[in-house]
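Let me begin by presenting the structure, written as C-alpha cells, before commenting on it.
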Amino acid sequence: MAESFARVRSQIATKVDTLAGFRESRMTPDYFGRTQESLAHKSFVVGIATTVATGERQRRSVGEYVNSQVVITFAHRLRPLDAYPTDYDNALTAEELVINAALESYTSDTGNGKFTIRYVASTRTVTDSQEYIIITIEFSVLHTL
C-alpha cells in the first residue's frame, strides 16, 4: 500500500498534536523559527526535507520504495533568568515525548505496507533573545509512493 508524502506528514503531525499543549503552527517548515512572530510555546511543524529512492530486491509492491527525511521542529519557551535549568530540562523532556509519539504509533504498521519510521538525530538551538529553544528532530521514513 502506497503512502503519499502528504499522508506521511499528516500522520506524524497528528501524533504530535495529541501531546498535551502541542499545536501545529501555520508557518511553513522552512519559515518556522526565523522570527519571534513565528514562535509560540509548544508550536510545531512537520516537513519532508528530502526523499531518495531505495532499491529493495525483496519487496514486491507496486510503486517506488523511498526513504524520506522527515523533520519535526518545535519551540519551547524558556522563562527569563531564574528558570534555568528547569525550563531547559522541560524542553528536553518534551523532545523525548515528541520522539516517542512519532515512533510508537508506527511500529505495528510496518507489516501492513504503511511506513517505517526511525529516529536519526536532534538539534537544539536557543534563540538570540533566549526566550525559546528550537528543537529539530530528524526521522528516516521508508515508504512506497
Do the non-hydrogen side-chain atoms of Ile72 and Ile12 ever get within less than 4.5 Å of each other? yes
Following the transitive rule for hydrophobic clusters with a side-chain heavy-atom cut-off under 4.5 Å over Ile, Leu, Val, Met, Phe, Trp and Tyr, establish whether Phe22 and Val71 coincide in one cluster. no
First locate atom CG of Asp89, then atom NE2 of His76, and finally report the distance between them rounded to the nearest 0.5 Å. 10.5 Å
Rounded at 0.5 Å granularity, tell me how far OG1 in Thr127 sits from CD1 in Ile134. 6.5 Å
Are any non-hydrogen side-chain atoms of Thr123 and Thr125 less than 4.5 angstrom apart? yes
Can you tell me how far OH of Tyr65 sits from CG of Leu145, rounded to the nearest 0.5 angstrom? 11.5 Å
Tyr31 versus Val45: any side-chain heavy-atom pair under 4.5 Å? no
Over all atoms of both residues, closest heavy-atom pair of Leu103 and Ile117: CD2-O, 3.6 Å
Would you say that Asn90 contacts Asp87 through its side chain, given a criterion of any heavy-atom pair below 4.5 Å between the two side chains? yes
Shortest non-hydrogen contact from Leu78 toward Tyr88: CD2-N, 3.8 Å
Check whether any side-chain heavy atom of Thr51 sits under 4.5 Å from a side-chain heavy atom of Phe5, and report yes or no. yes
Any chance you could measure Arg124, atom CZ, to Ile133, atom CD1, to the nearest 0.5 Å? 7.0 Å
Any idea which heavy atoms bring His143 and Ser68 closest together, and the distance? NE2-OG, 2.8 Å
Ala40 versus Ala75, closest heavy-atom pair with distance: O-CB, 3.6 Å
Report yes if the side chains of Leu92 and Glu95 come closer than 4.5 Å at any heavy-atom pair, otherwise no. yes
Taking all non-hydrogen atoms of both residues into account, name the closest pair between Gln11 and Phe115 and its distance. OE1-CE2, 3.2 Å
Distance only, no hydrogens: is a donor on one side chain within 3.5 Å (strictly under) of an acceptor on the other, for Ser122 and Tyr119? yes
With sequence neighbours left out, the residues meeting salt bridge (Lys or Arg N to Asp or Glu O under 4.0 Å) with Arg118 are none
Any non-hydrogen side-chain atom of Glu3 less than 4.5 Å from a side-chain atom of Thr144? no
Is the shortest heavy-atom distance from the side chain of Leu19 to the side chain of Lys42 under 4.5 Å? no
Same cluster or not: are Val126 and Val98 linked, directly or through other Ile, Leu, Val, Met, Phe, Trp or Tyr residues, by side-chain heavy atoms under 4.5 angstrom apart? yes
Counting distance only, does the side-chain N/O of Asp17 pair as donor-acceptor with the main-chain N or O of Ala13 below 3.5 Å? no
Where Phe74 and Phe44 come nearest, the two heavy atoms and their spacing: CB-CB, 3.6 Å
NE2/His41 to CD/Glu131 distance, rounded to the nearest 0.5 angstrom? 11.0 Å
Would you please name every residue forming a side chain to side chain donor-acceptor pair (under 3.5 Å) with Asn67, sequence neighbours left out? Ser140
